[in-house]
Amino acid sequence: MEAWLQGIFADTPVLTVPWSIDYFSVIAGVLTGALFACDRKLDIIGTVVCGLITGYGGGVLRDTLMQGTGVYFTSHPDLIVNCILICAFVFYFRGIFKHLEATVFLADALSVGLFALAGASKAVAFEQGMVLSVIMGGITAVGGGAIRDICVGEVPGVFQRSNYYAVAGLGGAAVYVVLARFGCPLALAGIACVLAVVALRYWSVYFDWRTTSEADLTPRIARGLHRVGEVLSGLFLHGGDSERLQRHAGARIARGASRDDEARKGSSGGSDAANSDWPANMR
Amino acid sequence: MEAWLQGIFADTPVLTVPWSIDYFSVIAGVLTGALFACDRKLDIIGTVVCGLITGYGGGVLRDTLMQGTGVYFTSHPDLIVNCILICAFVFYFRGIFKHLEATVFLADALSVGLFALAGASKAVAFEQGMVLSVIMGGITAVGGGAIRDICVGEVPGVFQRSNYYAVAGLGGAAVYVVLARFGCPLALAGIACVLAVVALRYWSVYFDWRTTSEADLTPRIARGLHRVGEVLSGLFLHGGDSERLQRHAGARIARGASRDDEARKGSSGGSDAANSDWPANMR
Amino acid sequence: MEAWLQGIFADTPVLTVPWSIDYFSVIAGVLTGALFACDRKLDIIGTVVCGLITGYGGGVLRDTLMQGTGVYFTSHPDLIVNCILICAFVFYFRGIFKHLEATVFLADALSVGLFALAGASKAVAFEQGMVLSVIMGGITAVGGGAIRDICVGEVPGVFQRSNYYAVAGLGGAAVYVVLARFGCPLALAGIACVLAVVALRYWSVYFDWRTTSEADLTPRIARGLHRVGEVLSGLFLHGGDSERLQRHAGARIARGASRDDEARKGSSGGSDAANSDWPANMR
């Protein structure tokens, strides 16, 4: 197995994926970008540009941030020609893709995984450290789609409550970087990266895992801190007053039972704090 | 003529346009950008930034993609000062430009042509190959305007159904790259490039040539394929049944005559396919 | 004082601020970006990206324009980790920052000042000339916030009628560049830069100084030019006709008294010109 992989992936300290895999990921990205542009009623120029941005944008962003390491976009002109032809094909034959949603979803997930791998492996090859390598993987994976969304005046989908997408890209990049750091053969690490991204992407849609757009833990923490303070003050200040301590405990249990979780979440920690010293019989 | 051109344009393997031409194109771009900003009620900072983005954005994008070849923006500080002064002038005296629409249109067309030339000739000089050279010409020509549109939250005009703009820029760049490739003196190729852009831009407005935002050839192709199949099946399977073949042909002619072209375009290939085997007398 | 400053700031021809100051400015920028993202209901990915863009975007833009001088973002991975943790903290404990508006405002003003200093001093160190140094200071100061606004589909605040923000950044950068040019110790120039930005920012809010979004001086200038012409023509053409000259003068005074300033501003210079030769008694 290992020998077979070595046959496919060059056995160098730097992971070199076959050009066909790079080409596949760019083409899948270009395809989704062109379909996106068709949905927004852009013209042929807009479709080609959106396609190229989706396919190459993340890599260009990575190469701009990693100044002086070469730009992937300009190093493969033949791929650009193919991408433009694909965009034109999508523009004129969009009807074909209406019935290929599942295929496009799979191609997109694979492409995000391969982009994450391309970003992370280039950063690892240029010895950017683990943190930057994971970030470069994430940027390469979803940067193209984000720039495309910005170009048509929308808030990037990856910035909003949604199924895992950037999370999948970052997760895959992290898998690659950690495995590469601990001496795993780069070919295996790369396969694990792509599998992780595809699995995360499919699971997140299947189980409807979503990022959340609102999360304010302040009231919960405030209430928690208040209770710690309450218990501590009960122990130290009213150490001998066992009756009062029991009243406190009883009140807390009663309160926990009568209020449902949602309502408690909404109430501020402050009002909780103000109430908690009232005698239990007044509640 | 050739000698006179050699006097204007330096006789090197790299096309060196006089600085005054570069300056003119940037200033024309800055002017249109500043007028655009005034229309959107931006303040003086927004006007200056929009002007500079329109004038320099395409070049910065090209220089970012062609890593390590120098950035035009930072190499001519005196031009930047002039551009800022022009933006301020437009901001405070916008009333003057209300009556200069035709002049601004000409300046803009010339500037797009000169930008396309600047982008293509720089890419040719750095031996980026024909494909990238044309793309760099197009990016330099319309990239600034596109970035400006994105910056004020609009979908770039060049992405939408409109008169030729990006098409003109790409066409001019292609003219330059092809002529340069086939040994034409670079000065002549440059003039042809600018003329091509200006001509395409004016013609597209004069004849109202527009890019299209919707084009789905799938039904047409499906119908075409179906007919090919029909004819083939007629030939091979019902080879001897000449009456049936004639019925088919007659039905097709009658159908073509009774339906107007638009209605046929709208109908899906599928329904066509479903109908086409009915006996002719049932239609 | 000077000696004490030399202890803090390295005594080199290039201003080297302590890393803690750079870190503070990035972290303050990241903080404001993350709070901005929470207001727009972005998810954790969007919050982290908006934070990083606000903190690093201006610097990345500067480093892209100053090709080949290194990218600050990729040179301090430990700072990125801290920034991501801060964004996550803001995301989950946004409630805390509701009562810290004045502190956030101060941190933001300080951060803009320090960004302006970082941009201007890097450009000065790479000998980009005074014009570019001021522009780089301004770009570094407010570029991050502008890119963040663009990323969520809004017109950047600095492009619109608002309290001084870009003006403050540019002003501070200009103070630094001018002081550095005239041989002032770089440490002192840096402090003056930051103080200038913070002072301009606070004053602009305190005195409600705002940039204006509309300013068309054309009618005013046209009227002014017309009057100059009127006086000149009175002097040269009707030199001996003292009665007519006095009528002109009287009419102008009467007109000035009867019309209020606002109305005069609205009328075009043209109508003024048409009226001004009527006999005074017909008015």
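A, B, ... follow the sequence lines: proteins, then strands. Residue 1 opens every chain.
Residue pairs meeting the ring pair (Phe, Tyr, Trp, His ring centres under 6.0 Å) criterion with at least one partner in residues 130-163 of chain A, sequence neighbours excluded, do not occur; the list is empty. The salt bridge (Lys or Arg N to Asp or Glu O under 4.0 Å) analysis of residues 46-61 of chain A, with sequence neighbours excluded, yields no pairs.
Looking only at side-chain heavy atoms (C-beta outward), A/V158 and C/V49 stay at 4.5 Å or farther from each other.
Proximity to chain C is absent for every atom of A/M130, based on heavy atoms less than 4.5 angstrom apart. When heavy atoms are compared at a cutoff of 4.5 Å, A/V155 approaches chain C by way of both its backbone and its side chain. Using a 4.5 Å cut-off between heavy atoms, C/I80 touches chain A through its side chain atoms alone. Only the side chain of C/I84 comes within contact range of chain A, judged by heavy atoms closer than 4.5 Å.
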With 3.5 angstrom as the limit, list the donor-acceptor pairs from chain A to chain C, or say none if there aren't any.
unit_1 : atom_1 : unit_2 : atom_2 : d
A/Q67  : OE1    : C/G68  : N      : 3.4
A/Q67  : OE1    : C/T69  : N      : 3.4
A/Q67  : OE1    : C/G70  : N      : 3.0
A/Q67  : NE2    : C/D63  : O      : 2.8
A/F159 : O      : C/D43  : N      : 2.8
A/T211 : OG1    : C/D43  : OD2    : 2.5
A/E214 : OE1    : C/K41  : NZ     : 3.2
A/E214 : OE2    : C/K41  : NZ     : 3.4
A/D216 : OD1    : C/G95  : N      : 3.3
A/D216 : OD2    : C/G95  : N      : 3.1
A/L217 : N      : C/Y92  : O      : 2.5
A/T218 : OG1    : C/G95  : N      : 3.2

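The two residues C/I45 and A/A166 have their closest heavy-atom pair at CG2-CB, 3.6 Å.
Annotation: side chain to side chain contact (heavy atoms under 4.5 Å, CB included) contacts of C/I147 (sequence neighbours excluded): C/I53, C/L61, C/C151.
C/F73 contributes atom CZ, which lies 6.0 Å from atom CG of A/L65 (distance to the nearest 0.5 angstrom).
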